[in-house]
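Have a look at the structure below before the remarks.
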Amino acid sequence: MIKRSVISPTKILEFESSAQLTCRNYSNSWNTQLRELAKLGLFKEGLELYRQMLRFGDSPNPFTFPFALKSCASLSIPISGSQLHCHVIKTGCEPEPFVQTSLISMYSKCSLIDNARQLFDESPQSRKLAVCYNALLAGYTHNSQPSKAMSLFNQMCFSGVPFNSITMLGLIPACTLPAHIRFGMSLHGCNVKCGLDSDLSVVNCLLTMYVRCGLIDFGRKLFDEIPKKGLISWNAMISGYAQNGLASQVLDLYGKMESSEVEPDPVTFVGVLSSCAHLGAQRIGHDIEKRMACSSFGVNSFLTNALINMYARCGNLGRAWKLFDEMPEKNIVSWTAMIAGYGMHGHGEIALQLFSEMKLTGIQPDGAAFVSVLSACSHAGLTDKGLEYFSEMERKYGIRPGPEHYACLVDLLGRAGRLKEAKELIDSMSVKPDGAVWGALLGACKIHGDVKLAELAFERVIELEPTNVGYYVLLSNIYSDADNMEGVAKIRVMMRGRKLRKEPGCSYVELKGKVHLFVAGDRNHPQTDKIYEMLNRLEDLMEEMCASTKPKTYDGRRKKETVAGVHSEKLAIAFGLLNTIAGTEILVIKNLRVCGDCHLFMKLVSKVVNREIVVRDASRFHHFKDGDGVYAYTGLAFAE
DNA sequence: ATAGGGTTAG
């Protein structure tokens, strides 16, 4: 032990100042390390380093807190955040404006928005800088309080605090609701006036706002006007198309991106894979998977789930299962993608088995998981099981059923012929039924030939979706099935009056990574002659085969083609048969429902060529193979 | 040295 008396007062002074200096130096090196960790996104490690610093007996200084608080914010740990708030007060760092802002941001990101507001209100007017407003604004936006974000922006303008591009980045996403899009558009105008629209981040943000609101053309216009598009611009546009179901636009844009100098990243691939899933473009999806393997970034759960979803929806359940099985941490999205995949392909029992396994691993099902479970029940004809799950959903998990769940349930009851119950269910709904709900009822009326109920469902559905041509066609076909030609004519007049035209249905087949698209009567494909030749041969074979049956089961080409000519599904199948060898699967996708006549055609083709044929349409997969029974179908094509 | 922000799956 050092005797104090040996050290002179000057020595003590020297010692103390050097100690202080050391302490400050320590603080600096702690801060440097903290900054490095934060930069690398290693927030857990950063927080651990902060604790180590305290154990070491070093005191944090004002420069320490922003990093430590940012770590709490990123990890969303309000307890550590509040502790840090105490340290801020103890060390007297509270008045520092940047510490204040860090605190506001931390509370916002930990969902303690009211604490953030309190801090903001307590700080004097002179210290409420733009950054403070920015942090709180973004907080309101991320805590789903868009109106508060907007009124804070008004307060900011009123107080004369100048806003900047970062204000916009926090505020614009608050306008991503139909109710607020007007405000968003006025912000767009405001940005143009202030010249903030030259900031790429702001434009990306506006672009995202438009596409998320479904104003996809606005978004595309903005995108096209960007002189130097960044990775995020591409991603926002690709994801926007993907979220709006415009899958072929996604592939188109991805192709353009590949020939630009911007390299795609995982976010790009997630959007592209989701579109491959919608298109059934498994080969393109597989190419993306290979392309990802040679990229520098690693796989993440978003990517793996997107791959699982793509393979599952394309019918490659084996590959989907392998990826799923090898996933170290499966989340609810992984499980839901598998459940939906099995459900779509008629393996309802496996889908339900997966659902109970998921619950056993401790994952709580959410609304989307129940949609996949209910639709699996509907596709597999497990009516009562579906009803059980529906009641379990609210009773056991407290999930309020949305219109999407009711639509599944109406479909479930409707397919089973329980139309009266389906109608009663709609009448008892706690939320307003949407087009899909009434549309499901209308579809069920088609299967079971209930004209009266169909008329009611039609009336409701076109109130909600007056321009959805599919519903007009559906009712017209119901009338046609009932030999009510007056009804058919009535619908045609109605459609003409409203200037509605049936979009041509198209079918596509994917071959060697390229999508081949056909519309009815198509003659644009380079192999057109061979395709029609193949169709003729098939029809001859079928006629030969069916000649002996009484009554004749097929009188194909002379009957029931579309106005434009041969059905698109038939062209796609003929193309597929021409270009693939025996044993390979042909998957045809149709953007509308497969028409009834084509069901019979497919079944017979699969018999004469002795191959399984899979057609996916707007509502489900259809597997055609020899020996299958009768199909219940609903056709969307006009019965001519 | 220090604070605020934009793109992703079922």
Side-chain angles (χ1 to χ4, degrees), chain A residues 27-32 34-36 38 61-70 73 93 96-106 108-109 127 129-139 141-142 163-173 176 199-209 211-212 230-240 242-243 264-275 277 300-310 312-313 320 324 330-341 343-344 358 365-373 375:
Chain A
S27 234
N28 278 342
S29 60
W30 291 115
N31 290 350
T32 311
L34 266 170
R35 188 179 55 216
E36 288 306 311
N61 67 13
F63 298 121
T64 320
F65 289 116
F67 300 126
L69 286 165
K70 192 174 184 162
C93 296
E96 297 291 350
F98 46 86
V99 175
Q100 275 276 328
T101 313
S102 296
L103 279 167
I104 292 173
S105 171
M106 180 277 293
S108 296
K109 287 186 181 148
R127 279 227 205 89
L129 304 173
V131 270
C132 286
Y133 280 97
N134 292 351
L136 193 58
L137 259 172
T141 301
H142 290 130
F163 58 84
N164 54 26
S165 60
I166 292 172
T167 318
M168 289 301 157
L169 299 177
L171 183 59
I172 293 168
T176 314
D199 186 312
L200 185 58
S201 304
V202 173
V203 181
N204 290 340
C205 206
L206 285 166
L207 173 56
T208 307
M209 175 189 80
V211 298
R212 284 206 188 139
L231 174 62
I232 292 184
S233 320
W234 286 99
N235 285 349
M237 199 63 229
I238 286 178
S239 308
Q243 286 156 4
D265 80 337
V267 179
T268 322
F269 291 130
V270 166
V272 178
L273 284 171
S274 145
S275 300
N300 64 33
S301 66
F302 274 84
L303 272 178
T304 313
N305 286 338
L307 278 171
I308 291 173
N309 179 46
M310 185 272 295
R313 287 182 80 128
F324 176 77
K330 308 165 182 52
N331 67 13
I332 183 130
V333 179
S334 333
W335 286 94
T336 307
M338 287 309 294
I339 293 168
M344 280 174 108
M358 178 188 91
D366 64 3
F370 271 105
V371 169
S372 69
V373 167
S375 80

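Chain naming here is simple, since letters A, B, ... match the order of the sequence lines and numbering starts at 1 in each. On a predicted model such as this, the values are computed, not experimentally measured, just so you know.
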Across the strands shown, which category fits A:Asp366 at heavy-atom distances under 4.0 angstrom: base, sugar-phosphate, nothing? base
Rounded to whole Å, the CD-C1' distance (A:Gln100 to B:dA3) equals 11 Å
Between CG of A:Asn235 and P of B:dG5 the distance, given in whole Å, is 20 Å
Among B:dG5, B:dA3, B:dA9, the one nearest any side-chain atom of A:Ser201 is B:dG5
A:Phe67 CZ to B:dG4 P, in whole Å, measures 10 Å
Please answer whether the main-chain N or O of A:Asn204 pairs with a side-chain N or O of A:Thr208 as donor and acceptor at a distance below 3.5 Å.
-> yes
Worksheet item: Does A:Asn134 get its side chain close enough to the base of B:dG5, under 3.5 Å, for a donor-acceptor pair?
Response: no
Rounded to whole Å, CG of A:Leu231 lies from C1' of B:dG6 at a distance of 11 Å
Counting only heavy atoms from other residues, nucleotides and ligands, does the tally under 6.0 Å from NZ of A:Lys330 exceed 12? yes
Is any side-chain N or O of A:Arg313 closer than 4.0 Å to OP1 or OP2 of B:dA9?
no
**Asked** What is the nucleic acid contact for A:Asn164, judged by heavy atoms within less than 4.0 Å: base, sugar-phosphate only, or nothing?
**Response** base
A:Asn31 atom CG is separated from B:dA3 atom C1', nearest whole Å, by 14 Å
Among the nucleotides B:dA1, B:dG6, B:dG4, whichever has the atom closest to the side chain of A:Lys70 is B:dG4
Practice prompt. Please state whether the phosphate of B:dG10, meaning OP1 or OP2, lies under 4.0 angstrom from any side-chain nitrogen or oxygen of A:Ser274.
Written response: yes
**Request:** Classify the nucleic acid contact of A:Ala340 as base, sugar-phosphate or nothing, counting any heavy atom under 4.0 Å across all strands shown.
**Result:** nothing
**Prompt:** Can you tell me if A:Thr141 uses its side chain to pair, donor with acceptor, with the backbone of A:Gly170 under 3.5 Å?
**Reply:** yes
Review point. Below 4.5 Å, heavy atoms only, C-beta onward: do A:Leu129 and A:Thr101 meet side chain to side chain?
Key: no
Original post:
Per the atom types in the model, does the base of B:dA3 pair as donor or acceptor with the side chain of A:Thr101 at under 3.5 Å?
Top reply: yes
In this structure, CE of A:Met168 is separated from OG of A:Ser201 (nearest 0.5 Å) by 13.5 Å
Quiz item: How would you label the contact of A:Ile332 with the nucleic acid (heavy atoms, under 4.0 Å): base, sugar-phosphate, or nothing?
Solution: base
(Q) For B:dG4 and A:His142 - does any side-chain N or O of the residue sit under 4.0 Å from the phosphate oxygens OP1/OP2? (A) no
Looking only at B:dG5, B:dT8, B:dG10, the nucleotide nearest the A:Val267 side chain is B:dT8
Sorted by chain and residue number, the ring pair (Phe, Tyr, Trp, His ring centres under 6.0 Å) partners of A:Tyr133 (sequence neighbours excluded) come out as A:Phe120
*Mind checking A:Arg127 for me? I need base, sugar-phosphate or nothing, with any heavy atom below 4.0 Å counting as a touch.*
nothing
Among the nucleotides B:dG4, B:dT7, B:dA9, whichever has the atom closest to the side chain of A:Val270 is B:dA9
Would you say B:dG5 has OP1 or OP2 under 4.0 Å from some side-chain N or O of A:Lys109? yes
- Name the nucleic acid region contacted by A:Pro66, choosing base, sugar-phosphate or nothing; use a 4.0 angstrom heavy-atom cut-off, strictly under. sugar-phosphate
Closest of B:dT8, B:dA9, B:dA3 to the A:Pro97 side chain is B:dA3
Whole-Å distance, A:Trp234 CH2 to B:dT7 P, equals 19 Å
Among B:dA9, B:dG4, B:dA1, the one nearest any side-chain atom of A:Val131 is B:dG4
To the nearest angstrom, the CZ-C1' distance between A:Phe370 and B:dG10 comes to 15 Å
Out of B:dA3, B:dG5, B:dT8, minimum distance to the side chain of A:Leu169 belongs to B:dG5
Side-chain contact check for A:Gln243: nearest option of B:dA3, B:dG10, B:dT8 is B:dT8
Is there a side-chain contact between A:Phe65 and A:Cys93 in this structure, where contact means two heavy atoms from C-beta onward sitting under 4.5 Å apart? yes
From the candidates B:dG10, B:dA9, B:dG5, the one with an atom nearest any side-chain atom of A:Thr336 is B:dG10
Practice problem: Tell me what A:Thr208 touches on the nucleic acid: a base, only sugar-phosphate, or nothing, going by heavy atoms under 4.0 Å. | Solution: sugar-phosphate
Between CG of A:Asp199 and C1' of B:dG5 the distance, given in whole Å, is 9 Å
